[in-house]
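Count residues from 1 along the sequence. All of these numbers come straight from a predicted model, not from anything done at the bench.
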Amino acid sequence: SLQSLLRGHLKDSSPYITAFAYGSGVFKQKCRKSEKGNDKMIDYLVVIDDSEGRMPRWHSHNCKENPSDYSFLGKLMTTRMNIFSDRSVYYVPDVRMKDGKRIKYGVLGWNQLIGDLFTWDSLFLAGRLHKPTVRLEGSSFNEEYSRPLSIAMEFNYDSALRTALL
């Protein structure tokens, strides 16, 4: 299942708050076929605690758990340099899983997610979360995150509906 695939890839040594899988690799699309049969890429976003410089530490742990996900330059940039701003999403593209499935995942901070859901500052994250998603709660997901995420997601949906009605 998708849940077990993502849980297998997102190890507990690289704790995350939540993840959202979305797109045609997750949900079947009417009348759409990929060039290689059923080899659609699974896209997901991994949300981590971005306080106190935790982003480089998360990538360092993830590099150890999933070393083939990162290029040499990607390892250097994500673990040793402070390349992350409040608006950056670091994408790890075209990862082949052991079962042959292909995934692409973006890593972003909690504050960035919540901010974009409320303000549509970039609409990059909020727009992806207008679509159907499969959410996976990480080991660090708790009440501290649950309520604000529910409120932000509802606000994002309401804003999209109101905008569509205009």
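Residues R96 and R102 form a side-chain contact, since some pair of their non-hydrogen atoms from C-beta on lies under 4.5 Å apart. Inter-residue side-chain proximity for R135 and F141 is flagged as met; some heavy-atom pair is nearer than 4.5 Å. Taking 4.5 Å as the limit, every side-chain heavy atom of D49 sits out of range of all side-chain heavy atoms of W58. Using a 4.5 Å heavy-atom threshold, the side chains of F124 and L108 count as separate.
Taking CG from L117 and CD from E154, the interatomic distance works out to 12.0 Å, rounded to the nearest 0.5 Å. The distance from atom CD1 of I103 to atom CG of N66, rounded to the nearest 0.5 Å, is 7.5 Å. Here the OH atom belonging to Y22 is positioned 6.5 Å from the NZ atom belonging to K131, to the nearest 0.5 angstrom. To the nearest 0.5 Å, the span separating CZ on R147 from CG on N142 amounts to 14.5 Å. D158 contributes atom CG, which lies 10.5 Å from atom OG1 of T163 (distance to the nearest 0.5 angstrom).
Using modelled atom types, no side-chain atom of D121 and backbone atom of D116 make a donor-acceptor pair closer than 3.5 Å. A donor-acceptor distance shorter than 3.5 angstrom exists from the side chain of T18 to the backbone of L136, with no hydrogens or angles considered.
Tracing side-chain contacts under 4.5 Å through hydrophobic residues (I, L, V, M, F, W, Y), one reaches Y157 starting from F118; they form part of the same cluster. Under the 4.5 Å side-chain heavy-atom criterion for grouping Ile, Leu, Val, Met, Phe, Trp and Tyr, V26 is connected to M97 within one hydrophobic cluster. In the hydrophobic clustering of ILVMFWY residues, with side-chain heavy atoms under 4.5 Å counting as a link, V92 and M41 come out apart.
Across Y16 and S140, no two heavy atoms sit closer than the pair O-OG, 2.9 Å. Listed here is the closest heavy atom pair of I48 and P15: CG2-O, 4.0 Å. Closest of all the heavy-atom pairs between W120 and A160 is CZ2-N, 3.6 Å. The shortest non-hydrogen separation linking P132 to F27 is O-CE1, 3.2 Å. Nearest heavy atom pair, residue D50 against residue Q112, reads OD2-N, 3.8 Å. Between W110 and P148 the shortest heavy-atom distance is CZ2-CB, 4.0 Å.
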ask   = Hey, mind stepping through V47 and Y145 against side chain to side chain contact (heavy atoms under 4.5 Å, CB included) and telling me if it holds?
value = CA-CA 11 Å; V47 183; Y145 298 112; over 6 Å; no
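The side-chain contact (heavy atoms from CB on, under 4.5 Å) test with K104 is passed by exactly one of D43, D94, V95: D43. Put simply, the residue from I17, V89, L45, L149 that forms a side-chain contact (heavy atoms from CB on, under 4.5 Å) with L113 is L149.
N62 and Y105 are linked by a side-chain donor-acceptor pair at a separation below 3.5 angstrom, with hydrogens and angles left out of the test.
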